[in-house]
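Just below is one structure, and these are the notes that go with it.
Residue numbers begin at 1 in each chain, while the letters A, B, ... track the order of the sequences.
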Protein chains: 2
Amino acid sequence: MFSIGEFSRITGISIKALRLYHEKELLRPSFVQSRTGYRYYNERDVEMARVIVRLREFGFSLSEIQTILGQYTDDQEILDYLQARREAVDAELAALRNVTASLNAIIQNEQEARRLMKQADYEVEEKNIEPMLIAGVRMRGKYSDCGQGFSRIGKKLGRYICGKPLCLYYDGEYKEEDADFEACMPVRKHVETEGVAVRELTGGRCFSLLHRGPYDQLGRSYEKILKYVKERGLEIILPTREVYLKGPGMIFKGNPRNYRTEIQLLVR
Amino acid sequence: MFSIGEFSRITGISIKALRLYHEKELLRPSFVQSRTGYRYYNERDVEMARVIVRLREFGFSLSEIQTILGQYTDDQEILDYLQARREAVDAELAALRNVTASLNAIIQNEQEARRLMKQADYEVEEKNIEPMLIAGVRMRGKYSDCGQGFSRIGKKLGRYICGKPLCLYYDGEYKEEDADFEACMPVRKHVETEGVAVRELTGGRCFSLLHRGPYDQLGRSYEKILKYVKERGLEIILPTREVYLKGPGMIFKGNPRNYRTEIQLLVR
DNA sequence: TCTGCGCCCTCCCCCAAGGGGAGACTCAAG
DNA sequence: CTTGAGTCTCCCCTTGGGGGAGGGCGCAGA
């Protein structure tokens with residue numbers, strides 16, 4: 001016979017929990033002194049306690065354990081419970097995997113953004129751009145609706161995205177209302193999906209300027225880079241591109257003053 | 001301005017939850033009519049609500065969310081929180097993976113046992129046994145201590161076990177006290193571990209008898225199979241083997257009357 | 001004008017699985 | 001007999017709300 005303290009040390013179950021199990025008739029001490037109310041446990045209770053610990057590790061609730069203990073004494077007989085439990089655990093696993101995936105995406109994104117913040121110098125720069133595989137949604141209307149395009153790509157091809165979102169502008173000029181543009185995401189893999197076109201975006205010689213600040217100030221940066229290109233007598237190839245290096249976050253909208261957008265003009 | 005009911009429908013957060021968030025100063029309605037106490041929310045609150053939903057999906061507690069919302073407005077600034085959260089989620093994932101693994105092991109075990117129960121006919125049978133890779137712990141003492149051997153193998157090589165536990169008996173006769181035996185488990189892979197020997201167990205011509213019931217009745221089945229073998233003038237090769245097809249379960253000890261043990265005697 | 005309805009409010013209790021602690025006994029040893 | 005450790009019951013607290021009681025508010029129909 002063990003007192004509750006000894007029994008607690010033996011089984012690793014806290015005294016509080018033991019009293020709770022007693023109250024719920026899950027694990028009844030083999031003897032209770034009626035005068036003092038002291039609980040006493042024996043060897044067989046130890047065995048029962050181990051079973052309970054086992055089942056709790058599997059995530060069964062106390063009431064489920066009560067049912068199981070009340071009716072069955074063999075693993076074989078609780079197969080249904082075990083299978084149900086496994087399914088529930090698998091569902092939890094799937095949900096958690098989604099969570100880590102999202103968290104990882106955000107973390108990676110922001111870490112890249114952080115690196116970017118350090119090295120940028122905000123001057124027009126000439127460089128060569130590699131071709132890349134992109135998924136795009138061609139749209140017509142207001143620029144600010146491009147978010148819908150991105151979210152559609154995210155939903156369909158979220159798993160394959162491998163770079164920063166960008167937007168292609170097919171109009172030679174700024175259009176307020178009826179703009180013709182395409183929301184794009186670099187992807188790893190060519191996947192056929194309706195509503196989203198996957199194709200290779202050409203590379204080439206390019207002038208780029210990093211714009212910092214909110215989108216409604218983009219005009220100034222365009223002015224700067226266009227002047228730069230025009231001075232050199234270069235011919236711009238449409239569509240022009242904007243790469244959203246850092247925009248509204250996945251959680252917060254963030255501070256627009258910290259947004260970073262790269263304007264890319266491909267030239268012949 | 002939305003009433004709490006409208007706001008609830010917009011954001012997908014229950015009215016109860018909204019009132020709780022208000023009480024915890026997590027999401028304050030933009031206007032509260034002092035006379036009636038009615039809560040009114042606006043567009044910006046919708047945005048805030050989405051952030052909260054997002055963070056809750058990641059598993060942040062309400063108090064964590066309060067801290068985050070109170071101090072930061074950019075994904076970048078909460079990177080530390082996100083990373084901490086990811087680690088916590090990864091830990092949960094690992095724990096759950098263990099749970100499913102254990103559950104799967106038990107379920108598979110019991111399903112095999114169930115199949116076994118149906119086909120068995122409890123007569124001496126001649127068959128050929130394939131060699132197999134086993135992990136073994138050689139022991140000396142009482143047979144009933146073999147459980148310690150099995151648990152040691154389980155701890156060291158649990159991941160590689162691929163069959164039913166068995167026991168090898170090196171004594172030609174029954175010994176009560178100072179028996180020489182080896183607790184074994186079939187394994188998939190040769191792994192070097194101290195205290196556990198992994199090697200190939202030879203196969204060959206074999207007579208086997210399925211014993212059903214508790215272990216203390218094994219004597220009768222031995223009598224039966226030994227008589228059978230002796231009648232045919234065959235020479236037994238030591239060690240003899242017992243395969244525990246169904247014994248005490250991983251959770252319950254189960255009913256000994258349902259235990260199934262296969263006695264295997266290899267012969268020349 | 002009365003009544004009913006649909007919302008909304010606060011306040012209280014409830015869930016799981018115990019943890020923490022107060023105040024009162026009890027046990028065992030010195 | 002005392003003392004300290006162990007145990008008892010009882011109550012409140014946690015998280016993230018759910019359920020419902022009792023009452024206020026405004027609007028529409030009879």
- Message: By the salt bridge (Lys or Arg N to Asp or Glu O under 4.0 Å) test, which pairs, at least two apart or in different chains, include something from residues 22-48 of chain A?
- Response: none
- Query: Under 4.0 Å between a side-chain N or O of A/Q33 and OP1 or OP2 of C/dC27?
  - Reply: yes
- Note on the structure: With sequence neighbours left out, the residues meeting side-chain contact (heavy atoms from CB on, under 4.5 Å) with B/T36 are B/Q33, B/Y38
- Please, which pairs that meet side chain to side chain donor-acceptor pair (under 3.5 Å) have at least one residue in residues 85-94 of chain A, sequence neighbours excluded? A/R86-B/N104
- Message: For B/Y215 together with B/Y244, are the ring centres under 6.0 Å from each other?
- Response: yes
- Specify the residues of residues 57-70 of chain A, ordered by number, for which at least one heavy atom lies under 4.0 angstrom from an atom of DNA chain C. A/S61, A/L62
- Message: I need the CG-P distance between B/L20 and C/dC14, as an integer number of Å.
- Response: 19 Å
Would you be so kind as to tabulate the donor-acceptor pairs closer than 3.5 Å made by side chains of residues 148-155 of chain B, with sequence neighbours excluded?
| from | atom 1 | to | atom 2 | distance (Å) |
| --- | --- | --- | --- | --- |
| B/S151 | OG | B/Q148 | O | 3.0 |
| B/R152 | NH1 | B/G195 | O | 3.1 |

- Interface limits on DNA chain D, where chain B has a heavy atom under 4.0 Å of a nucleotide atom: D/dG16 to D/dG26
- Compare all side-chain heavy atoms of B/I13 with those of B/S8 and state whether any distance is below 4.5 angstrom. no
- Message: Suppose we screen for side-chain contact (heavy atoms from CB on, under 4.5 Å). Which residues come up paired with A/V191, at least two apart in sequence or across chains?
- Response: A/L157, A/Y160, A/K189, A/T193
- Message: Please confirm whether the shortest side-chain N or O distance from A/K24 to OP1 or OP2 of C/dA16 is below 4.0 Å.
- Response: yes
- Using the test salt bridge (Lys or Arg N to Asp or Glu O under 4.0 Å), find all partners of B/E110 that sit at least two apart in sequence or belong to another chain. B/K246
- Query: Is the backbone N or O of B/D74 less than 3.5 Å from a side-chain atom of B/E77, with the two atoms forming a donor-acceptor pair by type?
  - Reply: yes
- Message: Taking ring pair (Phe, Tyr, Trp, His ring centres under 6.0 Å) as the cut-off, I'd like each qualifying pair that reaches into residues 3-28 of chain A, sequence neighbours left out, listed once.
- Response: A/F7-A/Y41
- Query: Centroid-to-centroid, A/F181 to A/Y143, below 6.0 Å?
  - Reply: yes
- Bend across the helix from C/dT1-D/dA30 to C/dG30-D/dC1, to 10°, with axes taken over 5 pairs at each end? 40°
- Note on the structure: Expected list for residues 36-56 of chain B near DNA chain C, using heavy atoms below 4.0 Å, is B/T36, B/G37, B/Y38, B/R39
- Can you tell me how far CZ of A/R19 sits from CD1 of A/I4, rounded to the nearest 0.5 angstrom? 5.0 Å
- Strand contacts (DNA chain D) in residues 3-19 of chain B, 4.0 angstrom heavy-atom criterion: B/S14, B/K16, B/A17
- Query: Take atom CD in B/Q71; do more than 12 heavy atoms of anything else shown fall under 6.0 Å from it?
  - Reply: yes
- Item | Any B/E57 side-chain heavy atom under 4.5 Å of A/N98 side chain | no
- Message: Quick check: do B/V51 and B/I65 have side-chain heavy atoms less than 4.5 Å from each other?
- Response: no
- Atom CG of A/L26 and atom C1' of C/dA17: how far apart are they, to the nearest Å? 11 Å
